[in-house]
Protein chains: 2
Amino acid sequence: MALYGERGFDNTTVAEIATRAGLTERTFFRHFADKREVLFWGASALQELLVSSVEGAAPSVAPLEAIGDALTAASALLQERSEYSRQRQRIIAASAELRERELIKLASLAAALAEALRDRGVPNSQARLTAEAGVAVFKVAFQRWVEEGDQQGLAQLIREWLKELRSMTAGG
Amino acid sequence: MALYGERGFDNTTVAEIATRAGLTERTFFRHFADKREVLFWGASALQELLVSSVEGAAPSVAPLEAIGDALTAASALLQERSEYSRQRQRIIAASAELRERELIKLASLAAALAEALRDRGVPNSQARLTAEAGVAVFKVAFQRWVEEGDQQGLAQLIREWLKELRSMTAGG
DNA sequence: TAGCTGATGACAGCAACTGACATCCGTGAT
DNA sequence: ATCACGGATGTCAGTTGCTGTCATCAGCTA
């Protein structure tokens, strides 16, 4: 993270990272599948939190609402370490390779959320679209949160964008 | 394409592609930015078609409807070369690297569509979410179309999933 | 014919990753 | 205390994607 911040992701070699960490290049690749994966360490934990939040929602809660609640819950974790989250996101935004990796992580998250909805009895088609829409809401809300200072909490931003989503389909 | 189909993307080296095409490896990289980009040649043309379709929509047409019409128009192109489209998609689905690249292409498409909507006077927030939702609809409809035979036209599938999107926010 | 330009070839080199084998270190059994 | 074992690490060689540089060649124009 330190090196990526200093010189940028593309200008940092794995050899440099390994040296800084007091390790060998080979050892680095035993811990991380590739150079990009370092930045997404812990992403699976966040995904599990989101999924279990959807699974634990009361049966009466509507699908999109369950997704919204899960996102709100997860946003607390990010806000706890807001400086780290923002630094990380700045690094990702600066590299095309990292943006690609981020998108596939979000796609995997959407798939996991869709499955959680299906387990609640939501029909497949609705489950997939709801999950995709929820992740889209998260994407824009998170980006806004990173850009502006701490004017609004992430959770509040998510709620606002969910409202926007609802009005979108009504009008168009 | 032939080589990717035979041996899979990961097991095909650029040297092999170049030899088969009667070229040098170096020349290959002058035509394509990297090994993946070959599969996405023509993606920009499709994106331009979609964008100009949104730009050319009548002012009275609602945002999500404009996106839907654009997707329907583009689906005709894909259906014309359905065998090629399916083969291509099979190759992409089989490789993680290619799926990453596909996602960033779709993200770029969503951004372009959002800008086209903004030019129509749609407020920024609504534009972004509508574009993202539209691309999500395309993703699921296209995947279904590739999986099943020719039971339904791609355009019809898109219309059905758009309907699904509208009912999603109503209930949840 | 001479000169210019754009596409290609040839070659060297870097960085990401992988496989194979050796080595070290902590732990538990004897 | 010693030994045996498994897991983490080091070492080394090799492949592949990708880039910079320079030479070459074909076509077009003056």
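Letters A, B, ... are given to chains in the order of the sequence lines, protein chains preceding strands, and every chain is numbered from 1.
- If you check every strand for non-hydrogen atoms under 4.0 Å, A:Thr24 touches a base.
- Dashed line: the shortest gap from a side-chain N or O of A:Thr27 to OP1 or OP2 of D:dG10 is under 4.0 Å.
- Regarding A:Leu23, its CG atom lies at a distance of 17 Å from the P atom of C:dC17, rounded to whole Å.
- Put simply, CG on A:Asn11 is 11 Å from P on C:dA16, counting in whole angstrom units.
- Atom CD of A:Glu25 and atom P of C:dG19 are 15 Å apart (whole Å).
- At distances below 3.5 Å, at least one donor-acceptor pair connects side-chain atoms of B:Arg99 with backbone N or O atoms of B:Ala93.
- No donor-acceptor contact under 3.5 angstrom links the side chains of A:Gln89 and A:Arg86, judged on distance only.
- A straight line from CD of B:Glu37 to P of D:dG17 spans 15 Å, rounded to a whole angstrom.
- A close approach under 4.0 Å does occur between a side-chain nitrogen or oxygen of B:His31 and OP1 or OP2 of C:dT8.
- Between the CZ atom of B:Arg30 and the P atom of C:dC11 there is a distance of 14 Å, rounded to whole Å.
- Ring-plane geometry between A:Phe32 and A:Phe28 is classed as tilted, the angle between the planes lying from 30 to 60 degrees on a 0 to 90 degree scale.
- A salt bridge links B:Glu83 with B:Arg90: the closest approach of a Lys/Arg side-chain nitrogen to an acidic carboxylate oxygen falls below 4.0 angstrom.
- Taking atom CZ of residue B:Phe28 and atom C1' of nucleotide D:dT19, one finds them 14 Å apart after rounding to whole Å.
- The CZ-P distance, from B:Phe32 to D:dT19, rounds to 14 Å in whole Å.
- In this structure, the CZ atom of A:Arg26 is 14 Å from the P atom of D:dC12, given to the nearest Å.
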